Protein chains: 2
Amino acid sequence: MTNTVKHGGSALRHQTSDGPNGIRLRRVTTAAAIYQQLHAAIVSLALKPGISLQEKRIAEEFGVSRTPVREALLRLAEVGLVEIFPQSGTFVSRIPLSAIPEAVVIRKSLERTTVERAAQVATAEDIAQLDSIIARQRAHASLGEASHFYEQDEAFHEAISAIAGYPGIWTLVKTVKLQIDRARRLTLPVSGRMTTVTEEHEAILDAIAAHDADRASAAMMHHLGAVIPDVEALRQHHPGYFA
Amino acid sequence: MTNTVKHGGSALRHQTSDGPNGIRLRRVTTAAAIYQQLHAAIVSLALKPGISLQEKRIAEEFGVSRTPVREALLRLAEVGLVEIFPQSGTFVSRIPLSAIPEAVVIRKSLERTTVERAAQVATAEDIAQLDSIIARQRAHASLGEASHFYEQDEAFHEAISAIAGYPGIWTLVKTVKLQIDRARRLTLPVSGRMTTVTEEHEAILDAIAAHDADRASAAMMHHLGAVIPDVEALRQHHPGYFA
DNA sequence: ACGTGCAAATTGATATACTAGTATGACAAA
DNA sequence: TTTGTCATACTAGTATATCAATTTGCACGT
């Protein structure tokens, strides 16, 4: 377990507080920047589950001191993306397959709530917004742009949360579904999957537009239930990635 | 905004790692200890919303360096109990009344899920366990022991989550209901409230014992809906406590 | 093969110093 | 009086060096 990963020697550049127009921007701390970079790297599996992360080495690679690196790692440990063993080492967490079913249940519970509420209160503009998201999604799907497609997928769910008046629920869902996302990254990109997802989103939107909370809920449950990855196949293809 | 608060000069003592029986206990880091103390102080309102918390001063009061204090404050900021303004100051967060309705919705959503599942799968032992919790609760209520009563109240909900097979949901609910708890602390202890809560718990348990998921859900929703504090009265009595 | 013990490695914590924003109040200008 | 500027002090963010506590692995000896 002495694997390491190169970060490409990316140097962090402190953002100065003054924008060109004199607007006072919120300062981006070094610790926050490192957190985001590591977060993205872990979720995208650029940093593989199980590999070692050392405060000292990361600090050198980013060209900063241990302090902000340490703070970033502590935050990552809280959301379950790294595991810190005192006086021993810090490692990218293995994907806890046993926790995924519960994460799915939580997500279903919360998104059922948002979609039902959204179906009750959605305005014409809300529906138009969701429709435009789906349109972009369909375009990306036809071009096979998985990354952009994924962004719009998230935007769709986030928009529903916002429409319902519960934007904080999406924030919660994002952290809950982290490990699910990591597992999903390992599944081969099934052709046609993007089209299927788009159709499921359309079904959800149809129900919202009809202000049919029950149908919207059912469509959302079907959508979220279809995303569960095949656990056993993953274990076979990627030994050592799971806890 | 130069208010401060005395911590009574409580000195932290490092726990050694070896228990009397040789079992290797998980080491309690200084940062974690400080986090817990500040967490409890803020939720119990011993630390009032809005007052200043300074890394340096807290470090001196606890007799430690800035580092663990800083880590504790960062964690507290993540759960919304303190607000950090870079290069300016750190303050106990004011209670965000506007976020409370959403927190209630989230809690209802998650606990509806757990109680419905619990009603489906509860065994005789599970039901006995819940019954004993309620028994203890009734005893504490009759003696007016609010603090012990509150512990059993939490234990009841936590047990339901565990019975459902979703222990992580209770962990989530605990953080979501933090601000609700702070607001509730400000409400005067209504006589008979403890008795009412106990009866509501009994109704929930009855439905679970009967494996009636719908009734259990309804009882839980009624229970959680009855706890919403009177926002306007709070604003009047405690100016400066809310955001 | 199997413990034993020591050295290396790593996180936890301390102490100190410096930087960069931020709040504050005094003071000058209108 | 009001407004704008400036000096000052304060605070969080970061850097650096160092030590402590503990785990881990490997060499060593039995």
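Letters A, B, ... mirror the listed sequences (proteins, then strands); counts begin at 1. What's counted below: heavy atoms across the whole structure, side chains too, no hydrogens, waters or symmetry copies. Since the model is a prediction, treat every value here as computed from it, not as a measurement.
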* To do: Check whether any side-chain nitrogen or oxygen of B/R66 sits under 4.0 Å from OP1 or OP2 of C/dA15, and answer yes or no.
  => no
* To do: Run the salt-bridge test on B/K174 and B/E154 with the 4.0 Å N-O cut-off and return the result as yes or no.
  => no
* Asked: Roughly how many Å is it from CZ in A/R70 to P in C/dT10, rounded to a whole number?
  -> 15 Å
* Asked: Looking only at side-chain N and O atoms, does A/T90 come under 4.0 Å of OP1 or OP2 in C/dT11?
  -> yes
* Just how far, in rounded Å, is P of D/dG13 from CG of B/L74? -> 7 Å
* To do: Count the heavy atoms belonging to other residues, nucleotides or ligands that lie under 6.0 Å from NE2 of B/H148, then report whether that count exceeds 12.
  => no
* Whole-Å distance separating the CD atom of A/E55 from the C1' atom of C/dT11 -> 6 Å
* To do: Could you check how far CD of B/E83 sits from P of D/dT11, rounded to whole Å?
  => 18 Å
* Structure fact -> To the nearest angstrom, the CD1-P distance between B/I34 and C/dG12 comes to 14 Å
In residues 38-46 of chain A, what donor-acceptor pairs under 3.5 Å come from side-chain atoms, sequence neighbours left out?
| from | atom 1 | to | atom 2 | distance (Å) |
| --- | --- | --- | --- | --- |
| A/S44 | OG | A/A40 | O | 2.9 |
| A/S44 | OG | A/A41 | O | 3.2 |
| A/S44 | OG | A/A46 | N | 3.4 |

* Can you tell me if A/R182 uses its side chain to pair, donor with acceptor, with the backbone of A/P49 under 3.5 Å? -> no
* Structure fact -> Comparing nearest nucleotides in DNA chain D, the 5'-proximal residue of the pair B/G89, A/A32 is B/G89
* Looking at residues at least two apart in the chain, or sitting in another chain, which of them share a ring-ring contact (aromatic ring centres under 6.0 Å, His included) with B/H223? -> B/H157, B/H201
* Asked: C/dA23, C/dT14, D/dA12: which one has an atom nearest the side-chain heavy atoms of B/P68?
  -> C/dT14
* To do: Ignoring backbone atoms, establish whether A/S65 has a side-chain N or O less than 4.0 Å from OP1 or OP2 of D/dA15.
  => yes
* N/O (side chain, B/T30) to phosphate O (OP1/OP2, C/dA13) under 4.0 Å -> yes
* To do: Send over the distance from A/Q54 CD to C/dG12 P, rounded to a whole Å.
  => 13 Å
* Phosphate oxygens OP1/OP2 of C/dT10: is one of them under 4.0 Å from a side-chain N or O of A/Q87? -> no
* Asked: Where the side chain of B/I84 is defined as all heavy atoms beyond and including C-beta, which of D/dA12, C/dA13, C/dG12 is the nearest nucleotide?
  -> D/dA12
* To do: Please tell me which of the listed nucleotides, C/dA13, D/dA12, D/dA15, lies nearest to the side chain of A/T67?
  => D/dA15
* Measure from NZ on B/K56 to C1' on C/dA17 and round the result to the nearest Å. => 12 Å
* To do: Calculate the interatomic distance between A/F85 atom CZ and D/dG25 atom C1'; express it in whole Å.
  => 17 Å
